[in-house]
Protein chains: 2
Amino acid sequence: MSRSPSTSYHHGDLRGALVDAAVALVEEHSPARLSLREVARAAGVSHAAPYHHFSDRGDLLKAAGDRCMGDFLAAQESAVAAHDDPDARLVALGEAYVGYAAAHPHAFALVFDPELCPPGDPSPERAVLITRNEELLAACVVDLLVARGRDVGHAPALANALWGTVHGLAALVGDGHLPLDAVGPALEARLTL
Amino acid sequence: MSRSPSTSYHHGDLRGALVDAAVALVEEHSPARLSLREVARAAGVSHAAPYHHFSDRGDLLKAAGDRCMGDFLAAQESAVAAHDDPDARLVALGEAYVGYAAAHPHAFALVFDPELCPPGDPSPERAVLITRNEELLAACVVDLLVARGRDVGHAPALANALWGTVHGLAALVGDGHLPLDAVGPALEARLTL
DNA sequence: TCCTGATCTTTACAGTGTCAAGAAAGGCTC
DNA sequence: GAGCCTTTCTTGACACTGTAAAGATCAGGA
């Protein structure tokens with residue numbers, strides 16, 4: 001009982017290895033096509049082994065989605081941290097958001113898939129990431145409004161509008177409906193308050 | 001040879017009935033969970049019958065997506081047609097867009113799913129609908145810019161930005177990440193140019 | 001040493017997409 | 001009308017999937 005059960009015994013850390021494999025496979029094709037058996041094969045383990053670490057296929061995909069959400073948030077945070085000017089910070093956040101969706105379209109889809117992680121009942125780990133992301137955006141918006149001497153009262157509505165704009169462009173680019181190079185001009189025409 | 005092969009013989013119009021059934025089932029659950037056999041059962045026909053009208057499962061879902069796209073476009077067109085003021089027309093278009101996603105989230109997802117209808121290679125029927133939708137938005141944006149005496153040169157970039165905003169809010173609402181009543185304030189804070 | 005419990009494998013079952021072969025029924029020629 | 005052909009649909013089969021139950025394997029404690 002001295003070690004965590006997920007980091008010992010036969011495999012070492014099968015749970016982590018399965019999430020690794022799932023995330024790697026999601027880079028190649030849509031999560032809808034990802035089969036549990038395919039993940040088990042990639043991890044070099046029998047097709048039923050995942051059931052000792054996840055309750056079902058959805059549970060594994062949910063864990064993979066949590067991992068992707070972590071990467072997604074980290075990309076936004078480091079982009080924002082690289083700038084001081086409030087305007088530049090918000091633009092950098094938008095670019096990181098769309099950039100992640102363009103570079104990892106299936107992972108982006110996985111993160112927001114309501115079938116896998118019902119927004120009303122996220123995992124505790126996921127809830128933390130969601131809160132951090134919301135606070136990151138809210139802080140950027142408030143900073144910008146303050147820097148411009150504008151009323152901060154509409155910050156929540158404005159944050160939602162900006163989230164919508166950036167999320168929409170990300171989804172359209174990730175799904176191939178809009179070329180990536182159309183995003184810059186669009187944001188330029190709109191994101192500068 | 002005097003009638004179309006799809007509107008005669010045994011069933012009458014099995015192809016249409018299958019699309020009807022698929023669209024109806026998509027109202028109830030995600031297209032990812034829609035099985036061909038389930039559609040065949042709903043149409044009262046054997047599990048292999050659809051293969052005489054569609055090349056595979058994706059082909060049927062694509063046809064269902066075309067139907068949904070038609071409804072989606074019709075909702076936007078009638079919303080726009082109900083107003084004269086350029087500002088009101090654009091707002092009505094956005095509301096119809098988000099309203100469709102909120103009322104038919106799975107159909108909305110089906111319409112934009114790149115796995116089912118690759119944006120680079122849409123069906124001829126779909127291509128017509130896409131063009132009409134793009135022209136509808138472009139016309140609304142240009143009308144508004146003209147009415148305000150603004151430069152029309154940035155209309156395409158602005159149209160993409162507005163598309164992104166509305167599509168993002170629609171996707172977030174449709175996926176349950178944002179409540180529908182958050183959309184009004186967000187659009188108000190942003191869509192009025 | 002043997003036991004206990006966690007981990008993994010084997011086996012099995014229902015459901016799926018898809019294909020091939022056969023039955024049924026409309027429309028043709030005679 | 002009879003006979004045939006083509007299109008439509010059904011039946012049966014295969015490989016694959018998710019999932020559950022039962023057995024094997026192995027680490028650590030008595």
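Numbers restart at 1 for each chain; the letters A, B, ... are given by sequence-line order, proteins then strands.
The CZ atom of Phe54(A) sits 13 Å away from the P atom of dT19(D) (whole-angstrom rounding). Asp13(A) places its CG atom 15 Å from the C1' atom of dC8(C), with the value rounded to the nearest Å. As a whole-Å value, the separation of Leu14(B) CG from dT10(D) C1' is 12 Å. Note: NE2 (His53(A)) to C1' (dC8(C)) measures 8 Å, nearest angstrom. Distance Leu18(A) CG to dT7(C) P: 13 Å, rounded to the nearest Å. Atom CG of Asp59(A) is separated from atom C1' of dG18(D) by 14 Å (rounded to the nearest Å). The nearest whole Å value for the distance from the CD atom in Glu115(A) to the C1' atom in dG18(D) is 16 Å. Between Arg57(B) atom CZ and dT18(C) atom C1' the separation is 13 Å, expressed in whole Å.
Side-chain atoms of Glu38(B) and His47(B) form no donor-acceptor pair, as typed in the model, at a separation below 3.5 Å. Between the side chains of His104(A) and Glu27(A), a donor-acceptor pair is found at a separation under 3.5 Å.
For the OP1/OP2 pair of dC8(C) and a distance below 4.0 Å, the side-chain nitrogens and oxygens of Arg15(A) include no atom meeting the criterion. In this structure, Arg41(B) reaches the dT16(C) phosphate: one of its side-chain N or O atoms is under 4.0 Å from OP1 or OP2.
Counting only residues at least two apart or on different chains, the ring-ring contact (aromatic ring centres under 6.0 Å, His included) pairs with a member in residues 57-81 of chain A are Phe72(A)-Tyr97(A), Phe72(A)-Tyr100(A), Phe72(A)-Phe108(A).
Going from atom NZ of Lys62(A) over to atom CG of Asp66(A) covers 8.5 Å, rounded to the nearest 0.5 Å. The CZ atom of Phe54(B) sits 6.5 Å away from the CG atom of Asp59(B) when rounded to the nearest 0.5 Å. Considering CG of Leu169(A) and OG1 of Thr165(B), their distance stands at 7.0 Å, rounded to 0.5 Å.
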Please list, pair by pair, any protein nitrogen or oxygen found under 3.5 Å from a nitrogen or oxygen in nucleotides 10-14 of chain C.
{"residue": "dT11(C)", "atom": "O4", "partner": "His47(A)", "partner atom": "NE2", "Å": "2.8"}

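When each of Leu136(B), Leu162(B), Val141(B) is checked for a side-chain contact (heavy atoms from CB on, under 4.5 Å) with Leu93(B), only Leu136(B) meets the rule.
For the pair His52(A) and Glu38(A), nearest-nucleotide mapping onto DNA chain D gives the more 5' position to Glu38(A).
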